[in-house]
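A note on names: the letters A, B, ... follow the listed sequences, proteins ahead of strands, and every chain is numbered from 1. Computation of the quantities below employed the complete heavy-atom set of this structure, encompassing side-chain atoms and omitting hydrogens, waters and symmetry-equivalent molecules.
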2 protein chains.
Amino acid sequence: MGKRKENSTNMHNEKTIMEGCDLTYAVCMIGGRWKLLILCKLENGKLRFSELRDRINGITERMLTLQLRELEKAGLVKRTVYAEVPPKVDYELTEIAQELVPIWSQLSDWGAKHRKTTTKLISK
Amino acid sequence: MGKRKENSTNMHNEKTIMEGCDLTYAVCMIGGRWKLLILCKLENGKLRFSELRDRINGITERMLTLQLRELEKAGLVKRTVYAEVPPKVDYELTEIAQELVPIWSQLSDWGAKHRKTTTKLISK
DNA sequence: CCCATTACTTACAAATTTGTTCGTACCATA
DNA sequence: TATGGTACGAACAAATTTGTAAGTAATGGG
């Protein structure tokens, strides 16, 4: 993780913005490098830690763990531990996260539709 | 800004993910600390630099400039400079950005609806 | 006893984002 | 000539996120 300072301007601004803007709040919850990718993989049902790791190109176990923990705290992912050895843990979307799926898909469509146009603009 | 390294793992991962996931791509475009706040303020029409600055609590001129530049590069905001002294510049949403508005509003509703629930979970 | 498997941890380092503090150009007005 | 308003830019520092390279625990199989 890297714990955050309690009284930095940075932290204060983040809190203030999140409190005042539902949209920013919503986007923050899905705003880590690998979060959306993880959530997408879980759209079709439960997956084990190792399955996620193998399906997400380039992610390290540390990053996967961190992002899953945050998603869990945010109430978007449910973690289930089985009392087995070797360990078995799986992850699935919560109801709250399911409600986001249709919105994601619109966003995704928007991204696909405008990617080329926007990419051209960016490359200027 | 702070230019980015061309060949860091970090940068490489970001590129790869953006290329492979329209959703992540879409979210990246609105993913700075102040971006959504800025976009929201522009929903009802053009605003000048100073108007944005005064309406967004806590933002510095530097941050406002940076985020506006990125939004402009991303094709979400249009910048208009008037040849006057003192300088006058205004900003408005582009068509592409307008298309996002209905999606934002769903996301925002989702945020509002689940904020309490999720906040409780987070505070555990 | 040694090894393999799975889902993590920990300590550390590098990269990136944000914030602070100054400074600039321009011209009308005092 | 000094001042003021507007929209930035630059240099630097602090905070935060991301990546690297190691471990660890528990247990069945050899």
Checklist entry - Where along residues 39-59 of chain B does a heavy atom fall under 4.0 Å from DNA chain D? => result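 Output list: B:Arg48, B:Phe49, B:Ser50.
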Item to check | Listed partners of A:Thr16 passing side-chain contact (heavy atoms from CB on, under 4.5 Å), at least two apart | outcome: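 Scan of A:Thr16 (side-chain contact (heavy atoms from CB on, under 4.5 Å), adjacent residues dropped) gives A:His12.
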Between [atom2] on [N] and [atom1] on [X], what's the gap in Å once rounded to a whole number?
| X | N | atom1 | atom2 | result |
| --- | --- | --- | --- | --- |
| A:Glu70 | D:dT16 | CD | P | 13 Å |
| A:Arg33 | C:dT16 | CZ | P | 8 Å |
| B:His12 | C:dA15 | NE2 | P | 15 Å |
| B:Leu66 | D:dC12 | CG | P | 17 Å |
| B:Gln67 | D:dC8 | CD | P | 14 Å |
| B:Ile30 | C:dT17 | CD1 | P | 16 Å |
| A:Lys88 | C:dT6 | NZ | C1' | 12 Å |
| B:Glu84 | C:dC26 | CD | P | 16 Å |

With sequence neighbours left out, write down each residue that passes side chain to side chain donor-acceptor pair (under 3.5 Å) with [X], or none if nothing qualifies.
| X | result |
| --- | --- |
| A:Glu99 | B:Lys113, B:His114 |
| A:Gln106 | B:Gln106 |
| A:Asn13 | none |

Next on the checklist: So that I can tick it off, tell me whether A:Glu72 and A:Lys78 are bridged by a salt bridge, with the cut-off set at under 4.0 angstrom between side-chain N and carboxylate O.
Outcome noted: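 Not counted as a salt bridge, because no side-chain N and carboxylate O are separated by less than 4.0 Å.
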Next on the checklist: Just to be sure I understand the rule, does A:Glu14 reach a base, reach only the sugar-phosphate, or reach nothing, if contact means heavy atoms closer than 4.0 Å?
Outcome noted: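 If one applies the 4.0 Å heavy-atom cut-off, A:Glu14 turns out to touch nothing in the nucleic acid.
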Checklist entry - Across the strands shown, which category fits B:Tyr82 at heavy-atom distances under 4.0 angstrom: base, sugar-phosphate, nothing? => result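 The answer is nothing, as B:Tyr82 stays clear of every strand by at least 4.0 Å.
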Next on the checklist: Tell me which pairs pass side-chain hydrogen bond (donor to acceptor under 3.5 Å, both in side chains) where either residue lies in residues 50-60 of chain A, with sequence neighbours left out.
Outcome noted: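 Counting only pairs at least two positions apart or across chains, the side-chain hydrogen bond (donor to acceptor under 3.5 Å, both in side chains) contacts touching residues 50-60 of chain A are A:Arg53-A:Glu61.
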Checklist entry - Can you list every pair that meets side-chain hydrogen bond (donor to acceptor under 3.5 Å, both in side chains) and has a residue in residues 79-93 of chain A, with sequence neighbours left out? => result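 Residue pairs passing side-chain hydrogen bond (donor to acceptor under 3.5 Å, both in side chains), neighbours aside: A:Arg79-A:Tyr91, A:Tyr82-A:Asp90.
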Checklist entry - Of all the choices, D:dA15, D:dA10, D:dG19, which nucleotide is nearest to the side chain of A:Arg62 once you look at every atom? => result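 Nucleotide nearest to A:Arg62's side chain: D:dG19.
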Item to check | From C:dG19, D:dA15, C:dA15, nucleotide with atom closest to B:Asn10 side chain | outcome: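 Closest nucleotide to the B:Asn10 side chain: C:dA15.
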Next on the checklist: What's the separation between atom CG in B:Leu107 and atom CG in B:Leu36, rounded to the nearest 0.5 Å?
Outcome noted: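 One finds 8.5 Å between CG of B:Leu107 and CG of B:Leu36.
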Reckon [X] has a side-chain N or O less than 4.0 Å from the OP1 or OP2 of [N]?
| X | N | answer |
| --- | --- | --- |
| B:Thr9 | C:dA15 | no |
| B:Arg79 | D:dA7 | no |
| A:Asn13 | C:dG19 | yes |

Next on the checklist: On DNA chain C, compare the nucleotides closest to B:Gly31 and A:Asp90; which residue's is nearer the 5' end?
Outcome noted: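 The 5'-side residue here is A:Asp90.
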Item to check | DNA chain C: 5'-proximal contact among B:Ser8 and A:Leu68 (nearest heavy atom) | outcome: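 That would be A:Leu68.
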Next on the checklist: Looking at every non-hydrogen atom in both residues, tell me the closest pair between B:Ala26 and A:Gly111 and how far apart they are.
Outcome noted: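 The pair with the smallest heavy-atom distance is CB-CA, 4.2 Å.
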Item to check | Any A:Trp110 side-chain heavy atom under 4.5 Å of B:Asp22 side chain | outcome: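 They are not in side-chain contact.
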Checklist entry - Starting at the 5' end of DNA chain D, which residue's closest nucleotide do you reach first, A:Met11 or A:Met63? => result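 The residue mapped nearer the 5' terminus is A:Met11.
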Item to check | Joint cluster assignment, B:Val101 & A:Tyr25, ILVMFWY side-chain distance < 4.5 Å | outcome: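 Yes, same cluster.
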Next on the checklist: A:Arg33: which residues meet the salt bridge (Lys or Arg N to Asp or Glu O under 4.0 Å) condition with it, sequence neighbours left out?
Outcome noted: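 B:Glu14.
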Item to check | Residues in salt bridge (Lys or Arg N to Asp or Glu O under 4.0 Å) contact with A:Glu19, at least two apart in sequence or another chain | outcome: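 In terms of salt bridge (Lys or Arg N to Asp or Glu O under 4.0 Å), with neighbours along the sequence ignored, A:Glu19 is linked to no residue.
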Item to check | Inter-end axis angle, the helix from C:dC1-D:dG30 to C:dA30-D:dT1, with every axis fitted to five base pairs (rounded, 10 degrees) | outcome: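 That helix gives 30° between its end axes.
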Item to check | Footprint string (nucleotides 22-30 of chain D, 5' to 3'): B base within contact, S backbone only, - free, heavy atoms under 4.0 Å | outcome: ----BB---
